Amino acid sequence: YLYASSLVKYLSKQEIELTAADVKAIKRFVNHVGVDSVVNKLANMFATSIIGYNVVKKGLLLSAASTCIDKASKKIHSILVGDPGLAKSLLLKEAVELIPNSRYESVQFATGKSLTAIVTKEEGDTLILRIGPIPQAKGAIAALNEIGRMNHYDQSLLLDTMQEQEFTTNKFGQNFHIDAPTVIIASANPAGGTWKGGYNNNPDDKIDLDKVPMIKPLVDRFDLVFIFKDSRDESSLMEYTQKKSEMEDHKSPDYTTYIAKHIMYAKQRYPRPTISEEAKTMLNQFYVGVRMTHGSPRIRETIYRIAQNIARLKLKDEVDASDAKETIDF
């Protein structure tokens, strides 16, 4: 038997070097744009080759900022659901570049076990545990494209890792415990392929959650659900094509390296911002208002973690009233 604790080195593990010059640049950036504009500015700088979707980009940044190997720390899971051809997959690919050791997987042909862990018996009855991309990406992001195409049983195997950040697998009379403190971001098309008929005829333009092709407990595990709907509005289409034409002549700037270092520094220096009493009051009132109409008790934890990650990206030790207001607005 070989027992090792903190001596294991992952040969394929990626690392970002954060220098003193990088730290100075990050602080200079915050001072330049203004502390209350930091998160929105980072969202504008993220995935510049993709037009629009700034709210989604902000959500993915907050998911990235919530990554860590501490299982006691709540992660922010996000899913992008909508019509085909609206850059959902591209946003996932851009997001995994923000955190070292992240994984991007197309899962329409995957099984829940291949994403989590498989135990095989090799020659001589030796048991081999092969972990999948979700536990491999612990402390980082696992991006699962086309998650709605997985069957319901395979989707159910993701429930424990998203909630408890760990799971067990049993095979050949053996029980294996695997840590998976991983942020999951995913994409899916609505049932039937598009939202056609998925919107109710009311002023709020609400969507029917039955059109999200996942089991309800799994939908509930996602803290942020972003809806993508193809637009037929003439002015929106004209604005899009004009911006796209401009991008044909000018290469989009790539700020990925800076954003990755900003997130890394924010996580290291501000691991768990405290929440002021004023901010708690604002967030609690907002939670009560939301829960009176829809959602689960998990929403309160999500709201608090979003506020903390907003403060973290602003390089703040405490969530104040301005951070609480930004959380509520978001």
Side-chain angles (χ1 to χ4, degrees), residues 26 29-30 32-68 73-82 86-99 102 140-141 143 183-187 222-229 231 236 239-240 243 252-267 270 273 275 279 282-283 286-287 290 299 301-316 319-330:
I26 291 167
F29 169 82
V30 173
H32 175 71
V33 303
V35 66
D36 287 331
S37 301
V38 166
V39 186
N40 290 328
K41 181 63 176 178
L42 289 173
N44 290 335
M45 295 165 58
F46 173 51
T48 53
S49 63
I50 301 172
I51 297 171
Y53 301 126
N54 280 3
V55 172
V56 182
K57 292 176 181 180
K58 185 172 181 175
L60 294 177
L61 285 176
L62 294 173
S63 288
S66 73
T67 55
C68 66
S73 178
K74 159 77 176 161
K75 310 299 187 289
I76 299 176
H77 304 298
S78 300
I79 186 166
L80 287 52
V81 186
L86 298 182
K88 301 188 298 297
S89 301
L90 288 176
L91 283 166
L92 262 57
K93 289 179 180 179
E94 292 280 357
V96 298
E97 297 298 323
L98 299 177
I99 306 295
S102 295
I141 295 172
V183 168
I184 292 181
I185 60 176
S187 71
F222 283 101
D223 303 281
L224 300 174
V225 180
F226 294 104
I227 302 302
F228 288 62
K229 190 170 184 289
S231 174
S236 299
E239 181 182 1
Y240 169 80
K243 289 182 178 179
S252 301
D254 186 357
Y255 302 107
T256 303
T257 301
Y258 171 78
I259 298 174
K261 290 186 176 184
H262 186 112
I263 292 173
M264 182 180 180
Y265 176 71
K267 292 195 303 179
Y270 306 90
I275 303 178
M282 294 171 66
L283 295 175
F286 177 67
Y287 165 74
V290 171
I299 290 176
E301 185 76 0
T302 296
I303 292 169
Y304 269 61
R305 295 297 83 79
I306 288 173
Q308 285 182 310
N309 282 289
I310 284 175
R312 175 181 293 156
L313 290 175
K314 293 178 179 180
L315 310 186
K316 294 166 65 174
V319 176
D320 58 23
S322 65
D323 303 321
K325 183 181 184 304
E326 185 169 348
T327 300
I328 293 167
D329 292 342
F330 171 71

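Only a predicted model underlies this, so the values are computations on that prediction, with no experimental measurement involved.
When atom types are taken as modelled, the side chain of Lys57 and the backbone of Ala47 share a donor-acceptor pair closer than 3.5 angstrom. A side-chain donor-acceptor contact under 3.5 Å links His77 to the backbone of Ile184. Using a distance-only test at 3.5 Å, with no hydrogens or angles considered, a donor-acceptor pair links the side chain of His262 to the main chain of Leu313. With hydrogens and angles ignored, the 3.5 Å screen pairs a side-chain donor or acceptor of Gln308 with a backbone N or O of Pro273. Remark: side-chain polar atoms of Lys75 are paired, donor with acceptor, to backbone N or O of Ser73 under 3.5 angstrom. Asp323 contributes a side-chain N or O that, together with a main-chain N or O of Asp320, makes up a donor-acceptor pair within less than 3.5 Å. In terms of modelled atom types and a separation under 3.5 Å, the side chain of Thr48 and the main chain of Pro253 share a donor-acceptor contact.
Across all their heavy atoms, Leu283 and Tyr304 have their closest contact at CB-CE1, 3.9 Å. What you find for Ile26 and Tyr265 is that their closest heavy atoms are CD1-CB, 3.7 Å. Taking all atoms of both residues into account, the shortest heavy-atom contact from Ile263 to Ala65 is CG2-CA, 4.0 Å. Closest approach of Ile99 to Ala64, counting heavy atoms only: CD1-O, 3.6 Å. Across all non-hydrogen atoms, the minimal contact from Gly82 to Lys88 is O-NZ, 3.3 Å. Val319 and Ala279 get closest at one heavy-atom pair: O-CB, 3.5 Å.
Using a 4.5 Å heavy-atom cutoff, the side chains of Lys316 and Ser322 are in contact. Residues Ile76 and Val183 are not in side-chain contact: their nearest non-hydrogen atoms beyond the backbone lie 4.5 Å or more apart. The shortest side-chain heavy-atom distance between Leu60 and Ser78 falls under the 4.5 Å cut-off. Using a 4.5 Å heavy-atom threshold, the side chains of Lys314 and Glu326 count as touching. With a 4.5 Å cut-off on side-chain heavy atoms, Val56 and Phe228 count as touching. Put simply, the side chain of Thr257 reaches to within 4.5 Å of the side chain of Lys261, judged on heavy atoms. The shortest side-chain heavy-atom distance between Thr256 and Phe46 does not fall under the 4.5 Å cut-off.
With values rounded to the nearest 0.5 angstrom, Ile328 atom CD1 is found 11.0 Å from Ile306 atom CD1. The structure places OG of Ser187 at 5.0 Å from CG of Leu92, a figure rounded to the nearest 0.5 Å. To the nearest 0.5 angstrom, Thr67 atom OG1 is 9.0 Å from Leu98 atom CG. Taken to the nearest 0.5 Å, the CD1 atom of Ile141 stands 7.5 Å off from the OG atom of Ser66. In this structure, the separation between OG on Ser252 and CD1 on Ile51 is 8.0 Å, given to the nearest 0.5 Å. The distance from the CG atom of Leu315 to the OH atom of Tyr270 is 5.0 Å, given to the nearest 0.5 Å.
A centroid separation of 6.0 Å or more is found between the aromatic rings of Phe226 and Tyr53. Within the 6.0 Å centre-distance limit, the rings of Phe29 and Tyr258 are counted as a close aromatic pair.
The existence of a salt bridge linking Lys74 and Asp223 is confirmed by a sub-4.0 Å separation between a basic side-chain nitrogen and an acidic carboxylate oxygen. Using a 4.0 Å cut-off between a side-chain N of Lys or Arg and a carboxylate O of Asp or Glu, Arg305 and Glu301 qualify as a salt bridge.
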Practice prompt. Before giving the answer on side-chain contact (heavy atoms from CB on, under 4.5 Å), spell out for Asn54 and Lys58 the whole-Å C-alpha distance, their side-chain angles and the decisive distance to 0.1 Å.
Written response: CA-CA 6 Å; Asn54 280 3; Lys58 185 172 181 175; over 6 Å; no
Worksheet item: Going through the distances and angles, do Leu224 and Phe330 end up as a side-chain contact (heavy atoms from CB on, under 4.5 Å)?
Response: CA-CA 11 Å; Leu224 300 174; Phe330 171 71; 4.0 Å; yes
